[in-house]
Amino acid sequence: MSQPIKRVVLTGGAGQIAYSLAFRIANGDFLGPDQPIALHLLDLEISGQVLKGLKMELDDCVFPLLKEIKIGHVAEEMFGDVHYAFLVGAKPRGPGMERKDLLADNGKIFVEQGKALNAAASKDVRVLVVGNPCNTNCLIAMHHAPNIARNQFHAMTRLDQNRATFQLAKKANVDTKDVSHLTIWGNHSSTQVPDFVNAKIKGQRVEKVINDRKWLENEFIPTIQKRGAQVIALRGKSSAASAANAAIGALKSVTIATPNDDWFSSGIYSENNPYGIDQDLVFSFPCRSKGKGDVEIVPNLHLDPFLRDRLETSQKELLEERDLVRDLLP
Ligand code: NAX
């Protein structure tokens, strides 16, 4: 039996992540093989031709699930009745641009998009912010969307989680599926904290399997923190297909029940968090979903002094980012 259509919007539709993400979503990789989809692609007016070309390619793939494609540059139109929003579009950091300039420029985009989501999206929309700095952009968007519950907003740290999973599996010489309970704490930036203390390999503590705390502290963590920069150095462009893959994994984890006693990482609103983090940030925590699109923070994880210290650094960076965009927050 055919299900009602689900509307999915992708911003930054003319960009490189979208060029992978749009096809994966249209193929059913996000919502499964039985879910008909309408894909809305938003980008700047100047990218109109690129969006038209992308639509032609999507048409030519004859994806059975893809029932409708909308393209455009007006956020409120493209956000109309959407159930899922991948907010990928953002301005890249230009030459000579300070971090605060990037925050201010991209922050403004997320003020507008928060308002447009509030006005036009389905009230049960689930939002994933990918465009950087994604935690603070997500904070701005949710503050401008008072009719949408804050726990419906996420900032993407899934790519970092996937990168960490790969590195642990490689070191322990196991399959990636044997790595579980992996948290990326904090900001999606070089201060992020990949948590090897609570992660497990084949159900055992990582440190029991990889008996090398020095490697975990001094090689594993920096490798994950710098992985994005390494990809840029080699490819000349930032991660795109792996980012699209992570975006699908991130929102999928929100919508399906988290298996067993595992968890996943997501940047979510920090209000009432059990780890003593400031109450008005988007911070990446260990999360669990019951399968209805609402996630809870997994409580009571042990944070040793090393991790706690790193968490403080990442929190400090997020507080500084928030200060820099204070005038964009209502
Ligand atoms: P691209 O520069 O290829 O594409 C960005 C697109 O966004 C462009 O087509 C641009 O016209 C569009 N855009 C800009 N302002 C817009 C607006 N107001 N409304 C709609 N569209 C707008 O970048 P891409 O490689 O696709 O990366 C997109 C974003 O993802 C960047 O901010 C990037 O830093 C971020 N990333 C985040 C990651 C994460 O893990 N959270 C990892 C990958 C990626 O680096």
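Both counts, for ligands and for their atoms, begin at 1 and track the order of listing.
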Mark up the atoms of ligand 1 that fall under 4.0 Å of a heavy atom belonging to Cys134, in ascending order.
41 (N)

Ring pair (Phe, Tyr, Trp, His ring centres under 6.0 Å) assessment of Tyr84 paired with Phe30:
CA-CA 10 Å; Tyr84 298 100; Phe30 170 43; 5.0 Å; yes

Hey, is Ser238 one of the residues with a heavy atom under 4.0 angstrom from ligand 1?
yes

Pull out every atom of ligand 1 sitting under 4.0 Å from any heavy atom of Gly131, numbered as shown with elements.
29 (C), 30 (O), 32 (O)

Out of Asn106, Val130, Val88, who is nearest to atom 28 (C) of ligand 1 when you count heavy atoms only?
Val88

Please identify which atoms of ligand 1 are closer than 4.0 Å to at least one heavy atom of Ala243.
43 (C)

Has ligand 1 got any nitrogen or oxygen that is less than 3.5 angstrom from a nitrogen or oxygen of Thr11?
no

Shortest heavy-atom approach to atom 31 (C) of ligand 1 - which of Asn135, Ile232, Asn132, Val74:
Asn132

Strictly below 4.0 Å, N to O, side chains only: are Lys91 and Asp101 in salt-bridge contact?
no

Short N/O distance, under 3.5 Å, between Ser239 and ligand 1?
no

Residue that, paired with Ile46, satisfies side chain to side chain contact (heavy atoms under 4.5 Å, CB included) out of Asp43, Leu44, Val50:
Leu44

What atoms of ligand 1 come within less than 4.0 Å of a heavy atom belonging to Gln113?
19 (N)

Set of residues satisfying ring pair (Phe, Tyr, Trp, His ring centres under 6.0 Å) with respect to Phe79, sequence neighbours excluded:
none

Between Ile17, Thr157, Leu128, Ile109, flag the one that comes closest to atom 26 (O) of ligand 1 by a heavy atom.
Ile17

Lys237 heavy atom under 4.0 Å from ligand 1:
no

Any N or O of Gln16 that comes nearer than 3.5 Å to an N or O of ligand 1?
yes

Under the side chain to side chain contact (heavy atoms under 4.5 Å, CB included) test against Phe220, which residue among Thr223, Ile224, Asn218 passes?
Ile224

Identify, by atom number and element, the atoms of ligand 1 in contact range of Ser47, meaning under 4.0 Å from any of its heavy atoms.
11 (O)

